[in-house]
Visitor: 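Take a look at this one; I'll ask things after.
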Amino acid sequence: IQEFKIQRVKRIRKALKNNLFSLYAQSITPLDSNDSTKHFEILLRLTDEEQVILPHVFLAIAERNFLMTDIDTWVVNTLFDQLAHQCPLENQSLPNNLCWNNYRFSVNLSGASLNSKSFRQFLRQKLIQSPFPAYIFCFEITETIAVQDLAQAVKFINSLKQLGCSFALDDFGKGMSSLTYLQNLPVDYLKIDGSFIRELNNDNKASKVMVEAINHIAEGIGLKTVAEFVENQNILDTVKELQVNYAQGFHLGRPGLLMDVISSQILVNY
């Protein structure tokens, strides 16, 4: 078992060095017909010997071996490079930034990165020096990570919101202290924990009440809500009925390679 773990760590280091990771994107669909913004969550995959490995296989190992900040840095650098490749702002005749005006890209950040001063400085510099408007980027942090060091999380969030970025609190409702911490976290979106959304398919009354309550609280304090794991029409109809703002899941679109997704979604507009 120990030898297996060592090989996995070596594989992750090799992937970072040789760009064996790939960025995927999954659509986040607005449920309000007046919202024309195109939202995508950026997802990470590892390609190893022509096999695509999902993040749950390698991220836990990366976290235990202090590689998450390196991975987050790779994701940010690669995302900016791929967006620039698809829509090079300096070469287009359109007004500056118009290429991305209607788009939002959500990037997951680890607890290690959230607590790293050097990563925060790197990310700020990247956003300041980039030709892209900062408002097209949303950063997702899990509720569990945020509450581990609330003061640090607030500092990190505020430093990037000053530039125009937004933040989403992922897996909301999973922890027992959700409402206690919510009033102190300056986030913009709540991604409702998937365990509640999945149970909507079974007409689970408790889950429906929880989703309705979360959505009502979010609306009352000016936040938007996202239902993850929307896997069929029944769940989609229910979250629409509960007036959730956005939906994400296989029923609405499976993840695809980022380069393919933005090629088909963005360049078709010109």
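We're numbering straight along the sequence, starting at 1.
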Visitor: Please verify the inter-ring angle class for F119 with F122; under 30° counts as parallel, over 60° as perpendicular, anything in between as tilted.
Guide: tilted

Visitor: Drop me the distance from H39's NE2 to N102's CG, to the nearest 0.5 angstrom.
Guide: 9.0 Å

Visitor: List in chain and number order the residues that pass side-chain contact (heavy atoms from CB on, under 4.5 Å) with N184, two or more places apart in sequence or in another chain; answer none if no residue qualifies.
Guide: L150

Visitor: Could you report the tightest heavy-atom contact between V261 and A25, atom names first, then the distance?
Guide: CG2-O, 4.1 Å

Visitor: Quick one: pull up OG in S110 and CE in M68 and give me the separation to the nearest 0.5 Å.
Guide: 4.5 Å

Visitor: Could you go through C138 and R104, starting from their C-alpha distance and side-chain angles, then the distance that decides it, and tell me whether this counts as side-chain contact (heavy atoms from CB on, under 4.5 Å)?
Guide: CA-CA 7 Å; C138 175; R104 300 292 181 273; 5.6 Å; no

Visitor: Quick one: CD1 on I141 to CD1 on I157, what's the gap to the nearest 0.5 Å?
Guide: 4.0 Å

Visitor: Is N215 reaching over with its side chain to a backbone N or O of L242, donor-acceptor style, under 3.5 angstrom?
Guide: yes

Visitor: Show your reasoning for whether side-chain hydrogen bond (donor to acceptor under 3.5 Å, both in side chains) applies to T142 and D171.
Guide: CA-CA 6 Å; T142 66; D171 299 338; 5.3 Å; no

Visitor: Check whether E143 reaches the backbone of G173 with its side chain - one donor and one acceptor, N or O, closer than 3.5 Å.
Guide: yes

Visitor: Please check this pair: side chain of N18 against backbone of L20, looking for a donor-acceptor N/O pair closer than 3.5 Å.
Guide: no

Visitor: Who passes side-chain contact (heavy atoms from CB on, under 4.5 Å) against T78, sequence neighbours left out?
Guide: L23, W74, Q82

Visitor: Scan for salt bridge (Lys or Arg N to Asp or Glu O under 4.0 Å) pairs involving residues 107-133, sequence neighbours excluded, and state none if there are none.
Guide: none

Visitor: Give me the atom names and distance for the closest heavy-atom approach of P30 to Y246.
Guide: CA-CD2, 3.5 Å

Visitor: Closest approach of A227 and V244, non-hydrogen atoms and distance?
Guide: N-CG1, 3.7 Å

Visitor: Ignoring hydrogens and geometry, is there a side-chain-to-backbone donor-acceptor pair from N232 to N234 under 3.5 Å?
Guide: yes

Visitor: Please round to the nearest 0.5 Å and tell me the distance separating atom CE of M210 and atom CD1 of I197.
Guide: 10.5 Å

Visitor: Go through it in stages, so that I can follow the logic: the residues are I12 and I71, the test is side-chain contact (heavy atoms from CB on, under 4.5 Å), and I'd like the CA-CA distance, side-chain angles, deciding distance and then a yes or no.
Guide: CA-CA 9 Å; I12 294 169; I71 290 176; 4.1 Å; yes

Visitor: Listed by chain and number, what are the side-chain hydrogen bond (donor to acceptor under 3.5 Å, both in side chains) partners of S118, not counting sequence neighbours?
Guide: S116

Visitor: Name the orientation class of the two ring planes belonging to F167 and F156 (parallel below 30°, tilted from 30 to 60°, perpendicular beyond 60°).
Guide: perpendicular

Visitor: Is the distance between the ring centroids of F105 and F132 less than 6.0 Å?
Guide: no

Visitor: Can you tell me how far CD of E231 sits from CG of L252, rounded to the nearest 0.5 angstrom?
Guide: 11.0 Å

Visitor: Return each pair, listed once, that meets ring-ring contact (aromatic ring centres under 6.0 Å, His included) where at least one residue sits in residues 217-236; pairs must be two or more places apart or across chains.
Guide: none

Visitor: Any side-chain to backbone donor/acceptor pair from D35 onto T37? Under 3.5 Å, distance only.
Guide: yes

Visitor: Test E219 against N245 for side-chain hydrogen bond (donor to acceptor under 3.5 Å, both in side chains), laying out the working first.
Guide: CA-CA 10 Å; E219 183 180 20; N245 302 108; over 6 Å; no

Visitor: Identify whether the distance between the nearest side-chain nitrogen and carboxylate oxygen of D188 and K161 falls below 4.0 Å.
Guide: yes

Visitor: Keeping to residues at least two apart or across chains, list the salt bridge (Lys or Arg N to Asp or Glu O under 4.0 Å) pairs with something in residues 240-251.
Guide: K208-E241

Visitor: Quick check: does any side chain N or O of E228 sit under 3.5 Å from a backbone N or O of D193, one acting as donor and the other as acceptor?
Guide: no

Visitor: Under the 3.5 angstrom rule, does the side chain of N158 hit a backbone N or O of P186 as a donor-acceptor pair?
Guide: no

